[in-house]
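Worksheet for the structure shown next.
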Amino acid sequence: MSKEKKIKKDSKDKSSKSSKKETEETVPYTKLFKYANGTEKLMIFIGVLCSVLQGCIMPLILGEITNVFVSLVVNLTLKKITGIQDHKDIFHDLYKQMIFLLIVGIVSFITTYLYNAFFNVSAYRQATKIRSLAFQSILKQEIAWHEQTSPGELSSRIVSDAIFIEDGMGVKLGTVLQSFSQIIACYAFAFKNGWKLTLEMSAVLPFILAVAGIMSYFLSKYSKKCQDIYAEMGGVAQEAFTQIRTIASFGNEDKEYKRYVDKLEPSRKYGVIKAHSAGISIGIIMALIYSSYYIAFSQGAKFIFRGEMNAGDVLKVFMNVILGTNGITNSGNNMNAIGEATGAASKLFSIIERKPKIDNNKGITPEKPSEGVIEFKDVHFRYPSRQDVEVLKGISFSCQPGKTIALVGASGSGKSTIIQLLERFYVKESGQILIDGKEIEEYNIHWLHKQIGLVSQEPNLFAATIAENISIAYPEATQEQIEEAAKLANAHDFISKLPNGYQTHTGERGLQLSGGQKQRICIARALMTNPKILLLDEATSALDNQSEKVVQKALDAASDGRTTIVIAHRLTTVKNADCIIVMNKGSIAEFGTHEELMTKKKVYYNLVKNQEMNIMNELEDAKENYNPPSSEEEGQTMININSPEEVNLTTKNLTRNSSISTINSQRITNNVDNKNKKKKSTTTNTHMNWSRFFQYNKSVWFSNIIGMIGSIFNGITQTAYALIFANAMNMFTKQNDNLLEVGQKWGLMFIALGILSFVSFYAQVGGFSSAGEFLSLTFRKLMYNSLIRQEVGFFDTSDIGDGSEQSAGGIVDDSKNINTGTLTAKLATEASLVQGLNISIGYILEVFFGVICGVGVALYFSWKLTLCLLLLSPLIFLGMYIQTKSLQKKEEELRRVYESSSSIACDAITSIKTVYALNLEDRFNNLYQCKLTEPRKSMERKMFLSSTGPALSSTVNFITYALGFYLGAIFIDKGLATFDDLVKVLMAVILTASIAGRGSAIAPNYTRAIGAFNHVIAIIDRKPKINSRDTNGIINENPEDFKGSIKFDGLRFRYPSRPNIVVLRMGNDSIDIPAGKMCAIVGGSGCGKSTILGLLPRWYDAYRGTITVDGVENKLYNIKYLREQIGFVSQEPSLFNITIKENIRYGKEDATDEEIYEAAKKANIHEFILSLPEGYNTVVGGIGTSKMSGGQKQRIAIARAIIRNPKILLLDEATSALDAESEIKVQKALEDASVGRTTITIAHRLSTVKNADLIVVMKNGRIIEKGTHEELMNLKKEYYEMVLAGDDGFSN
């Protein structure tokens, strides 16, 4: 008791030990390109060259333009003074300049097109390679590393982090390089024309660079923090989606939502810091730039006044410096992307570059297969995640070729650890493990795995067909070989009777199949490679008695000539082993043959006695009265034993159900659905529900209004800048003190404009970015809240729509391969992309008001000239249209790539131990690579097409210059406009064209955001068919009114993913269970037992028949209330990656520590938990990398159900993973817990259901017998045969 108090005290002070994560170094920007190949480097080189050239074009021609401009002014002024009409020379120069500008425009088109296309294509290829390399590295890492992170986190990172990296390496880099080359070239020419003035104007540059550096630091730092949170959330989401049945059973959708939101909340703070950092930085930079204009005009006037410079040189310096500083403003937003890219790269690159502690490529590869000699010498071992607990304490034993060693003992005694060390999942602490006389570390791991066939305690299948799963480690196998292995594993019959036979898709982690069916496929898979060493970890634990006997005979035959290590809790299966080793708390308690150990009458003897069935008397009587059947009956009996009744798809048990694939009629339906979906997706992208978007923005109205005001002012400021600049040009016509006054006056105007720009840019960037961050957070919450509350059938089909979808939206289509990984990918990417919509709207407002004001001002001063220049505007909009349309298609294709590749990544990482054991790293790498590169040609075509948009915009600027100067000269010559008007119109139109051209830069983010928003809305709007949030329905005010009597009447049921297959067909039959009684449902694997359990808490609803509880149909109850009355323990215990205490408390949210300890004692797990250094604060571990044995997990799951104190208890093979001693204790606890409760239990060990008030025997989805044990034994039919098949046989 004192120990318990200590744990309670420690739990307040201790937080669970988090795994020590390896430090991640910040990645310098240049290192982002380290994985580029020769072609990509050439593309980058051309892109850099073109962007630099594009940046230098304007500074190069600016001098000529200025000279012509000054010449035009001087000559036209002289014309007015002298009256001379001959000005051929002037227009001759203008023609030359116009042709020159047109040529420059063509060059600009080519350079802009090339750098856009090449940067985008190279970034796409590099991001693809980074994803592929990250996945390859993940599959190389040792198991201990995988235990530190969840599969969902890793698969989310690969997608979302690579998006940021691609964004930072793509066309935004080209824009930055163009801007910087423009800055350098402009300042170089400015220095050439007037170094003193340029130097004074450059005084602001160090401050600009310092602010940009600080901004980059903050963006990189907080982007990384946000990405870390999002990745962790991906892990939480993937775990929840995978274990949705557990969440639904306990009605813990709100708890899971809170867990997600609590961990997500800090990202809001980091996002706001990012937004304000960017806003303040860009605002300061703009203020500094306008301050340099003050220096230009005030100091320029002084230089002219003192005669140190002429007006033409000052004008050239002005123009160059202004053009250069404009380059800085254009690079501001793109610098954000570069900062975020370096932040996102740190984790991915650290994964890619991490050297695994167990190197798969080292070691010898013998030419001959292993002889199968295994020897353990004084082996000690601790799990890396639990260094304080010694799991193996000096284990020594040897096994000769062709011999069988059985490991028996309590759950958690170290049996499975021995197998995992043989597979080299972990590195031993000390001692030696020898194979064929050599230390195991000397062998190449892949060679070692080829010598070993493994069937683990929790069978793992992959999202592929049954044939592919069986032959997955031996891809060259013929159909005959596959079927032969299936026959050995007693799986051929049930597979053959599926509509698609061996081509039936198993779904994610094999969830379409029952536990027994999965286990037999895993056994067939292990036998395919003809291994020299066979490791069987509870290989038959999920099988019914009849199947177990057949499969055990097959395994005994398969073991002949092979070295076999068997772990079993059913001691009948190891009775004939050459040596039985009894494990106890990491040590060998005793060893010997079955007879020797029985003679000793110690530990093993007690285990055997504990496990013997209590119905031996009935069996003896039954055998005495047993009449052999006729020859015809005998044949039928043999069929029943050899071919248990999985027989056709209707028998698919499948509480763990996903979709069966490739049914012809379904394929037709799905093809239609897929076509409809394609139409939908196209519509979705082009039609934006703005009213809905603005509704979501109501909560951040203040930030949006601030952003809107900033955007509007920024747009107007561009026109104001054009007017101020045009008016300031009059300075050059002034002289003496008037010159100084005018210079000072317009310089101060630029200071005022700088202050206004600081406020407006901070308002725009800070306001819209803050709103975007908030909306991103909101959408993540809403999406997760919607997904976590969908009916269980949704996760079978993963169809996102209005809830009216047809069957198996995409799982049937092997090409789509949707699973929980796909949903996790959607959650990771869509909300992030939507965030850009607010920012894009800000830029659109800026462009809109800039264009309106610019055109308005230009029309005011010379409407004729303006209209002539506006003839070029369709070219800008044509470019934007081409870019937007091609980007829409590209984004949809990218989205499919992300989803399909994420499903493969999740499939592999979730079952990482199986992947390693079967040497499947290359297979999954190739699959992943194939999914990533499959649309490459199509994607690159769209990128090349979309590059024409910005290229056209760039060209239009130069054509505008050419046309503007030419038409301006004519208008002045004809007296249709003054020089002042010309300058104002040209400045207004050129800046307006430049602003409009920014639409091309906005288009990519805007297009992605629109598509993402529509996908987000589709998820949020999907209405679950069984709504856990529904507040309607019956709730008994008095808890005692809920008694728990249950009746299943005339049920007929199909899974949503298999609408053509009837799984339950009870006809007019029913199962009537009075309140407080126990009903046992028995039958072969896949006969529909677990399906019945899933219908009671409304995971699914039957389409015919009724389920009543206390005389009321279960559909009429409030669903949350109904589920609160039910405790559930599934065949494969699903625990969460949280502490043991929190896992047990999952059954009762307000449970006290005392209640938790009491539940743990009843489940016979309390003492084990106390032995752990962290006690109840020990983190259980994730799917595929759990730190607990199967038996330990199952007992924690039982404690979780017991603490709920439910009125109805559902036990689906609740003790299948327990050792004999634990099973007896836990079975007793469950029987005690069942007193006064209605209990439905499913069991293959018939000894555990002998005392049930009602036993229902099922076959092919039908009830074939029901009654008490005695009644069914007297019938001498199916149940009788099952009991005979399950005779433990120790008495023989």
Could you check whether any side-chain N or O of [X] sits under 3.5 Å from a backbone N or O of [Y], counting only pairs where one atom can act as donor and the other as acceptor?
{"X": "H276", "Y": "S770", "result": "no"}
{"X": "N697", "Y": "F693", "result": "yes"}
{"X": "S350", "Y": "K347", "result": "yes"}
{"X": "S132", "Y": "T128", "result": "no"}
{"X": "S786", "Y": "I1019", "result": "yes"}
{"X": "S776", "Y": "G772", "result": "no"}
{"X": "R1204", "Y": "G1147", "result": "yes"}
{"X": "D907", "Y": "A463", "result": "yes"}
{"X": "S137", "Y": "L133", "result": "no"}

Counting C-beta onward and ignoring hydrogens, is there a side-chain heavy-atom pair between E232 and K263 closer than 4.5 Å?
yes
About how many Å separate [atom2] of [Y] and [atom1] of [X], when rounded to the nearest 0.5 Å?
{"X": "I912", "Y": "F425", "atom1": "CD1", "atom2": "CZ", "answer": "9.0 Å"}
{"X": "R268", "Y": "R780", "atom1": "CZ", "atom2": "CZ", "answer": "14.0 Å"}
{"X": "I351", "Y": "I158", "atom1": "CD1", "atom2": "CD1", "answer": "7.0 Å"}

Salt bridge (charged side-chain N to carboxylate O under 4.0 Å, His left out) assessment of R131 paired with D161:
CA-CA 9 Å; R131 287 188 183 100; D161 287 10; over 6 Å; no
Ignoring hydrogens, what is the shortest heavy-atom contact between [X] and [Y]? Give both atom names and the distance.
{"X": "I1026", "Y": "W1099", "result": "CD1-O, 3.7 Å"}
{"X": "N1143", "Y": "I1138", "result": "ND2-O, 3.3 Å"}
{"X": "N689", "Y": "F1013", "result": "O-CE2, 3.9 Å"}
{"X": "I788", "Y": "I247", "result": "CD1-CD1, 3.9 Å"}
{"X": "L1135", "Y": "E239", "result": "O-OE2, 4.2 Å"}
{"X": "K781", "Y": "Y257", "result": "O-CE1, 3.4 Å"}

Determine whether E142 and Y916 satisfy the following criterion, side-chain hydrogen bond (donor to acceptor under 3.5 Å, both in side chains), listing intermediate values before the conclusion.
CA-CA 9 Å; E142 70 277 5; Y916 287 168; over 6 Å; no
Does R1123 make a cation-pi contact with F1128 (under 6.0 Å, within 45 degrees of the axis)?
no
Compute both the distance and the angle, then confirm whether K129 meets the cation-pi test with Y35: under 6.0 Å from the six-membered ring centre, within 45 degrees of the axis.
no
Tested for side chain to side chain donor-acceptor pair (under 3.5 Å) against Q790, the lone hit among K1025, R1022, E253, K1023 is R1022
Would you please test T246 and F1136 for side chain to side chain contact (heavy atoms under 4.5 Å, CB included) and show each step?
CA-CA 10 Å; T246 304; F1136 293 88; 4.0 Å; yes
What about F779 and Y696, are their ring centers closer than 6.0 Å?
yes
